[in-house]
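Working notes for the structure below.
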Amino acid sequence: MIDLDDPDIMSSSEAAKRWNKADDYVRQMYRKTPWKFPRGSIRKFGKQLVVTRRGMEMVTGVTEAEAKKIAARKQVS
């Protein structure tokens with residue numbers, strides 16, 4: 001059974017914020033390079049895109065923790 005309260009499942013806008021990307025990052029990446037998302041890691045419900053942590057890690061190449069570290073370093077610089 002799928003647990004919709006699982007923090008590894010998020011809206012595209014929430015995922016973009018958690019990875020410190022532009023609000024429309026996931027939508028743009030899905031439109032331009034859908035093959036980068038592993039099967040089952042992204043889905044459209046009406047107009048809303050829902051993505052998994054694994055999908056974001058594959059597309060961005062970094063974990064959420066790594067993305068936060070990168071953002072923190074940019075703020076210090």
Side-chain angles (χ1 to χ4, degrees):
M1 180 164 59
I2 296 173
D3 178 8
L4 295 177
D5 289 327
D6 186 338
D8 288 347
I9 301 171
M10 62 206 98
S11 69
S12 60
S13 58
E14 179 185 356
K17 287 177 189 169
R18 288 169 59 173
W19 266 261
N20 300 298
K21 301 289 185 184
D23 287 341
D24 62 342
Y25 175 81
V26 176
R27 189 170 297 279
Q28 286 183 17
M29 293 302 294
Y30 186 58
R31 189 179 318 124
K32 293 176 184 176
T33 57
W35 59 88
K36 289 187 176 183
F37 289 90
R39 185 169 189 205
S41 67
I42 192 164
R43 184 161 178 198
K44 196 169 188 178
F45 291 92
K47 293 183 179 182
Q48 179 67 50
L49 277 174
V50 176
V51 65
T52 64
R53 177 183 307 275
R54 181 171 175 249
M56 285 301 290
E57 289 173 351
M58 295 300 292
V59 170
T60 62
V62 297
T63 65
E64 183 178 359
E66 291 168 336
K68 287 180 182 180
K69 288 179 186 177
I70 293 167
R73 281 191 296 229
K74 286 181 181 180
Q75 289 179 355
V76 173
S77 301

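Side-chain atoms are counted along with the backbone in the values below, which use heavy atoms only and exclude waters and symmetry mates.
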Using a 4.5 Å cut-off on heavy atoms from C-beta on, say whether the side chain of [Y] contacts that of [X].
X: Tyr25; Y: Thr60; value: yes
X: Glu66; Y: Trp19; value: no
X: Met58; Y: Ser41; value: no
X: Ile70; Y: Val62; value: yes

Nearest heavy atoms of [X] and [Y], plus distance in Å:
X: Ala22; Y: Ala16; value: O-CB, 3.2 Å
X: Val26; Y: Ala15; value: CG2-CB, 4.2 Å
X: Asn20; Y: Ala71; value: ND2-CB, 3.3 Å
X: Arg53; Y: Arg18; value: NH2-NH2, 3.1 Å
X: Met29; Y: Val59; value: CE-CG1, 3.6 Å
X: Arg54; Y: Pro38; value: NH1-CB, 3.2 Å

From [atom1] ([X]) to [atom2] ([Y]), nearest 0.5 Å:
X: Ser12; Y: Lys44; atom1: OG; atom2: NZ; answer: 10.0 Å
X: Asp23; Y: Gln28; atom1: CG; atom2: CD; answer: 10.5 Å
X: Thr52; Y: Arg43; atom1: OG1; atom2: CZ; answer: 13.0 Å

Same apolar cluster (I L V M F W Y, side chains within < 4.5 Å links), Ile9/Met56: no

Kindly work out whether a path of hydrophobic side-chain contacts (I/L/V/M/F/W/Y, heavy atoms less than 4.5 Å apart) joins Val50 to Tyr30. no

N/O donor-acceptor pair under 3.5 Å between Gln48 side chain and Phe45 backbone: no

